[in-house]
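Worksheet: the structure to be examined is printed underneath.
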Amino acid sequence: MVRHDQHGTSNLHLLLGQTLTFTGDPFHTGPQDAVRHETQGAVAIDEGRIVAVGPADNLKTTYPDAPLTDHGEALLSPGFVDAHAHYPQTAIIASWGKRLIDWLGHYTFPEEARFADPAHAGTIARRYFDLTLAAGTTTAVSFATIHPESVDAYFNEARARGLRALAGKTCMDQNAPHALSDTAASAYDDSKRLLEKWHGIDRLGYVITPRFAPTSSREQLEALGALWAEHPEVLMQTHLSEQHEEIAWVAELFPEARDYTDVYDRFGLLGEGALMGHAIHLSPRERDRLKEAGASLVHCPTSNTFIGSGLFDMEGLAKAGHRIGLATDIGGGSSFSMLRTMAAAYEVAQLRGMALHPAQLWWLATAGSARALRLGQTIGTLAPGYEADIIAVDLASTPAIAQRSARAETLWEALFPTIMMGDDRAIAAVYVGGNRV
Ligand SMILES: [Zn+2]
């Protein structure tokens, strides 16, 4: 077997392993009908894109001269897509003992204040991408801090690594420390300048980013709604209905709004391409409105249990046809790994009486999150035309997992122990735009 690690070559090459392709949404078609699985499969990659997926024998015949990288029995999957993270909180992950509002004041804001220093922002951006790539995440959507330098640091680092990555300057002009406050006007101006500087450069995407309703004035929300109306091609991200205390605070701050969702709606911050982090405690009216508007709901299960926020209604929201993504919410979330995040999603759903199928979990972490980001035709699926962000997953990465997967008779039985117990040791290889990193 010839092994060729690829470094910037544009030659077609083949990866061999088990392959898993979602052909549909396993919440709607049923898990078994939504996937194509090859135990001896191959993926052909050229110029950073997938050109073919199928049985290894077929692809070897079609491309007889192509160099091969054989990943054995590892599962070739799209890289994970983390639909909500705060890269500036990398260094405060697993901080003890607070609920949301105290957690922000005690841990988050002092750390975020350090991002006025571009050197610190650069150091943490590098560390963040080192950790997330090791965990198999090839696309993340991040909040930065209020500092434009923090956005530059993230995008510079992502660009140097050839990643598809999204982020935006976090905007806050009330209920935040002075050092972390902008204004309605500066939030608009800085966001617009950063959007024009970065959006569409290589594989980078800008995201308009009000942190959440409590830290933005009406004027700021209005300004960011106006910016989004001028640039509907970008995403908008924020937080929605994470904790009861937060919801009560929003009701106090915006008494004119019908509910939390309505605050965003009033300022043009609800629609397709809106990423609503958490979305746990929603009224029936909010669910209907979010669905009608086509917003994406982003489930952050390790964060929701870590900060004690509540149990996302995966079953009800998926059944109702909401667009749902899955995310770590670093550093309120307690793991950089989307495997650990899938496990937490499974546990949260169990506490609500639903057993998520491994196909549903894997779909949420790949194609589902990509769809939530309006990138469902670009990343997150192992199929021709998609960008070649691919991971090889070792389904026997620890003795405990190996003894369990050895008994498996189906792909799902083999995969589920890795979902529940796997970590970065399960990520045997990562390809970004077709290049192994
Ligand atoms: Zn968050």
Side-chain angles (χ1 to χ4, degrees), residues 81-95 98-112 115 124 128 131-132 137 139-146 150-151 154 165-172 175-176 180 207-216 224 235-247 249-250 260-261 263-264 269 274-282 295-312 324-338 340-341 344-345 348 364 369 372-373:
V81 179
D82 184 347
H84 179 119
H86 301 255
Y87 97 84
Q89 296 173 19
T90 294
I92 58 154
I93 188 170
S95 292
K98 302 284 181 190
R99 287 179 65 79
L100 175 63
I101 292 160
D102 289 339
W103 195 84
L104 287 171
H106 197 85
Y107 297 120
T108 305
F109 290 159
E111 177 63 18
E112 290 194 3
F115 283 70
I124 299 297
Y128 173 76
L131 291 166
T132 50
T137 299
T139 288
V141 189
S142 183
F143 289 62
T145 65
I146 71 148
S150 71
V151 177
Y154 178 92
L166 301 98
K169 174 196 126 76
T170 296
C171 301
M172 298 196 279
N175 297 316
L180 284 179
V207 188
I208 295 170
T209 308
R211 173 171 233 120
F212 67 155
T215 49
S216 286
L224 294 175
L235 300 172
M236 192 288 305
Q237 65 182 343
T238 190
H239 297 87
L240 174 66
S241 295
E242 181 176 359
Q243 294 207 337
H244 292 298
E245 302 94 303
E246 169 210 12
I247 295 166
W249 194 21
V250 170
Y260 199 160
T261 299
V263 175
Y264 296 125
L269 294 168
L275 306 176
M276 299 301 192
H278 304 298
I280 299 169
H281 310 285
L282 301 172
S296 298
L297 310 182
V298 184
H299 180 31
C300 309
T302 70
S303 172
N304 298 161
T305 52
F306 182 75
I307 306 184
S309 301
L311 307 176
F312 183 83
I324 300 171
L326 187 66
T328 61
D329 192 26
I330 290 302
S334 56
S335 173
F336 291 94
S337 170
M338 290 297 285
R340 177 66 202 120
T341 303
V348 166
L364 282 169
S369 280
L373 309 183

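Predicted model only: the values in this text are computed from it and were never measured. One-based numbering, in listed order, for ligands and for the atoms of each. For this chain, numbers begin at 1 and follow the sequence in order. Just so it is clear, the values below take in all heavy atoms, side chains as well, and ignore hydrogens, waters and symmetry mates.
- Under 4.0 Å is where a charged nitrogen must lie from a carboxylate oxygen, and between Glu112 and Arg211 at least one such pair does.
- Side chain of Glu246 to backbone of Phe212: no donor-acceptor contact under 3.5 angstrom is found.
- Taking the Zn ion (ligand 1) as reference, the nearest N/O/S atom within Asp329 carries the name OD1.
- Here the angle centred on the Zn ion (ligand 1), running from NE2 of His86 over to NE2 of His239, is 100°, rounded to 10°.
- Aromatic ring centres of His84 and Phe143: separated by under 6.0 Å.
- In this structure, the side chain of Thr90 does not engage the main chain of Pro88 through any donor-acceptor pair within 3.5 Å.
- At a threshold of 2.8 Å, the Zn ion (ligand 1) has no backbone or side-chain N, O or S atom of His278 nearer than that distance.
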